[in-house]
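Following: one structure in structure tokens, then a few remarks.
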Amino acid sequence: MELSVSLSLSESEFHFPQLQFLNKAVQLASKECYHSVKFNSDWRWRFRARRCSSLNRLPPRFACIPKSFAKEYSLCNCQIPHSLRTELLGYKRCKFVCFTRQNFVSTEDVVAKKIVVQKNSPRGVHFRRAGPQEKVYFESDEVRACIVTCGGLCPGINTVIREIVCGLNYMYGVEDILGIEGGYKGFYSKNTTTLTPKVVNDIHKRGGTFLRTSRGGHDTKKIVDSIQDRGINQVYIIGGDGTQKGAAAIFKEVEKRGLKVAVAGIPKTIDNDIAVIDKSFGFDTAVEEAQRAINAAHVEVESVENGVGIVKLMGRYSGFIAMFATLASRDVDCCLIPESPFYLEGQDGLFEFIEKRLKENGHIVIVLAEGAGQEHVARIMHAVGEKDASGNRLLLDVGLWLSQEIKDHFTKERKMAINLKYIDPTYMIRAIPSNASDNIYCTLLAHSAVHGAMAGYTGFTVGPVNSRHAYIPIARVTETQNTVKLTDRMWARLLASTNQPSFLNYNKVMQEKAEKETTNLIDSTRTSV
Ligand SMILES: Nc1ncnc2c1ncn2[C@@H]1O[C@H](COP(=O)(O)OP(=O)(O)OP(=O)(O)O)[C@@H](O)[C@H]1O
Ligand SMILES: O=P(O)(O)OC[C@H]1O[C@](O)(CO)[C@@H](O)[C@@H]1O
Ligand SMILES: [Mg+2]
């Protein structure tokens, strides 16, 4: 006869002497004449006692199941976050950790999501602070880690890869690290590559991703099968919003199968559109590199008569690169982003502004985020809304469209000769290695991820929240997307810096335009009849 003991201790119960509970179970078993005691499979981590010799007599059929314990919590209800750490390897016993006791973050440390609060407002959401912890979950020789990079390129990916590999090896003595090639689909369609500090030593000097990347091909079951088959227990996933959604799905499946696998996301996107975190890596580099294109445009247009320079920058749904590049440059007269719809004709329209600047200065530079004005381009191109392999909407070239519209307007309607230069440096900005500040930032992200996984956290994304690195539940960063808020002070600063129109009459102007077009259409139909 077997006694089934289901352990469902809460975090606070961990503080009770664990053996007491075990003893009780064994006593009960003998009293009730059970032959053996069967514990549920995750007893080991629940008891944080994997190394406890007195437990050795228990049946060795267990699976350590990490659960999501990177859950955010509000200090208001004072919940202690769930913790998966079982191992009581003190920092002294972990000879690879190069930190002193003072460097460790306390498990009680939290980072506030919101730091500007009113006197009586609630304390809000807090995240666990990232960093090295005194107690680790994994032992060096039991770790089999893997790294994958997905989505578009971004400066700094190679630095993150390098620092995960070196961080795991130098700080924790982990030697078994695999590279998954070609994004998510690489899990099930390609062989892995072995990553060592030597192999990745120089990769941060190159743009792109050493592991290569792809869009589409996320098959959760196949990916987790591959994780399971290969015996991987730490998965580092570098990618943007889509990738993080994929990571959340992997984490869910890993949890469902009860695998002892830590899933760590490192947010990557040049667009800086990932929610919660202060900014994404590579963004600084992109803004800096954009200055070169803007400068080139400025030099070109100020050297000719009526020079109009258009620089297109990346930013599918959010205009952060365009906004920050404009604010940094001072040579930009007008910045157009997806969040702020613009119009060309009429009062306070773009044409009027261009003409004014040409009269005042003899030239104008316009910075355009690729996602801006898509509705205008779609209208004339009768676009069918094509998508890429990941399901992202494929953008129409707003830069070419705008260039043509400006040329037509000034030469045909205003009879004004203009000299237009269109510069599209989008991929050049994305394909370069990261600058000094991004390199440091990438290192911190990689180290935070390594510390988190080694400490036994899972289902988290790392990133700075109000300048402090934190472990954020993946779902938190995927539920919304970061966009430029037109009501934020940064956009107001930009308007103050460029003195461009704010296009606040957009709706009214577009409605009038539509009405006019309908009337013209009716008139032309009548005439032709
Ligand atoms: N909702 C989702 N669920 C699971 N996987 C997803 C989801 N969305 C995207 N993915 C997968 O994530 C990977 C990357 O997605 P995507 O191409 O959208 O790039 P991204 O990570 O958003 O990066 P970026 O937009 O910065 O280039 C792809 O392999 C895609 O299949
Ligand atoms: O041409 P690709 O590689 O699909 O990437 C283009 C997209 O990727 C991004 O850079 C995001 O990574 C967007 O700004 C851009 O629209
Ligand atoms: Mg994306």
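Numbers here are sequence positions counted from 1. One-based numbering, in listed order, for ligands and for the atoms of each.
- Phe281 approaches Pro155 most closely through the heavy-atom pair CD1-O, 3.3 Å.
- The existence of a salt bridge linking Lys205 and Asp202 is confirmed by a sub-4.0 Å separation between a basic side-chain nitrogen and an acidic carboxylate oxygen.
- In this structure a side-chain-to-backbone donor-acceptor pair under 3.5 Å is missing from Ser403 to Tyr422.
- Annotation: atom 19 (O) of ligand 1 to nearest protein heavy atom, Arg215 NH1, 3.2 Å.
- Of all atoms in ligand 2, numbered sequentially from 1 with element shown, those under 4.0 Å from a heavy atom of Met314 are 10 (O), 14 (O).
- Close approach to Thr269 involves these atoms of ligand 1, each under 4.0 Å from a residue heavy atom: 26 (O).
- Just one of Leu394, Leu396, Leu395 meets the side chain to side chain contact (heavy atoms under 4.5 Å, CB included) condition when paired with Glu386; it is Leu394.
- By the 3.5 Å distance cut-off applied to N or O atoms, Gly242 is counted among the residues near ligand 1.
- Under a 3.5 Å cut-off, the side chain of Asn233 and the backbone N or O of Lys260 do not form any donor-acceptor pair.
- Without hydrogens or angle criteria, Arg393 side chain to Lys387 main chain gives no donor-acceptor distance under 3.5 Å.
- Of all the atoms in ligand 1, the ones that sit under 4.0 Å from a non-hydrogen atom of Arg316 are 25 (O).
- Between Phe503 and Tyr343, the ring planes are perpendicular. Angles over 60° get that label, and only those under 30° would be called parallel.
- No side-chain heavy atom of His363 sits under 4.5 Å from any side-chain heavy atom of Val308.
- Considering both main-chain and side-chain atoms, Asp388 never comes within under 3.5 Å of ligand 1 through any nitrogen or oxygen pair.
- The nearest protein atom to atom 11 (C) of ligand 2, hydrogens excluded, is given as Asp271 OD2, 3.6 Å; this is a heavy-atom distance.
- Gly246 CA, 3.5 Å is the protein heavy atom nearest to atom 4 (C) of ligand 1.
- Side-chain contact check for Ser434 and Asn439: at least one donor-acceptor pair (N or O, by modelled atom type) lies under 3.5 Å.
- Within the 3.5 Å criterion, the main-chain N or O of Leu495 finds no donor-acceptor partner in the side chain of Gln500.
- In terms of protein heavy-atom proximity, atom 15 (C) of ligand 2 is closest to Glu370 OE2, 3.1 Å.
- Remark: ligand 2 and Arg215 share an N or O pair separated by less than 3.5 Å (distance only, no angle test).
- For the residue pair Asp241 / Gln481, a side-chain donor-acceptor distance below 3.5 Å is found, with atom types taken as modelled.
- Ring to ring, His451 and Tyr457 are not that close: their centroids are 6.0 angstrom or more apart.
- Taking any N or O of Ser390, backbone or side chain, at least one lies under 3.5 Å from an N or O belonging to ligand 1.
- For ligand 2 and Ile270, the ligand atoms under 4.0 Å from any heavy atom of the residue are 10 (O).
- Taking distance alone, with nitrogen or oxygen atoms compared against 3.5 Å, Gly216 approaches ligand 1 more closely than that limit.
- Panel note: side chain Asn505, backbone Lys508; no donor-acceptor pair is recorded below 3.5 Å.
- Considering backbone and side-chain N/O atoms, Asp241 comes within less than 3.5 Å of an N/O atom of ligand 1.
- With hydrogens and angles left out, the side-chain atoms of Thr483 and Glu339 include no donor and acceptor closer than 3.5 Å.
- In terms of protein heavy-atom proximity, atom 24 (P) of ligand 1 is closest to Lys268 NZ, 3.6 Å.
- Using cut-offs of 30° and 60° for the angle between ring planes, the His218 and Tyr184 rings count as perpendicular.
- For ligand 2, the atoms closer than 4.0 angstrom to any heavy atom of Gly315 are 14 (O).
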Practice item. Could you please spell out the steps behind the ring pair (Phe, Tyr, Trp, His ring centres under 6.0 Å) verdict for Phe460 and Phe127? Key: CA-CA 10 Å; Phe460 68 90; Phe127 304 109; over 10 Å; no
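- Lys245 CB, 3.6 Å is the protein heavy atom nearest to atom 2 (C) of ligand 1.
- No donor-acceptor distance shorter than 3.5 angstrom exists from the side chain of Ser318 to the backbone of Phe320, with no hydrogens or angles considered.
- Remark: ligand 1 and Gly152 share an N or O pair separated by less than 3.5 Å (distance only, no angle test).
- Within the listing of ligand 1, atoms 16 (P), 17 (O), 18 (O) sit less than 4.0 angstrom from a heavy atom of Asn392.
- In terms of protein heavy atoms, atom 1 (O) of ligand 2 is closest to Tyr427 OH, 2.4 Å.
- Polar contact with ligand 1: absent for Gly239 (N/O pair, distance under 3.5 Å).
- Here the heavy atom of the protein found nearest to atom 8 (O) of ligand 2 is Arg430 NH1, 3.0 Å.
- For a distance threshold of 2.8 Å, the protein N, O or S atoms nearer than that to the Mg ion (ligand 3), listed by chain and number, are Asp241 OD1.
- Protein heavy atom closest to atom 7 (C) of ligand 2, with residue, atom name and distance, is Arg316 NH2, 3.2 Å.
- Nearest non-hydrogen protein atom to atom 21 (O) of ligand 1 is Thr243 OG1, 2.4 Å.
- Heavy-atom contacts of Gly240 reach the following atoms of ligand 1: 20 (P), 21 (O), 22 (O), 23 (O) (cutoff under 4.0 Å).
- Using a distance-only test at 3.5 Å, with no hydrogens or angles considered, no donor-acceptor pair links the side chain of Tyr236 to the main chain of Val160.
- The closest approach between Gly151 and ligand 2 stays at or above 4.0 Å for every heavy atom of the residue.
- Using a 4.0 Å cut-off between a side-chain N of Lys or Arg and a carboxylate O of Asp or Glu, Asp273 and Arg316 do not qualify as a salt bridge.
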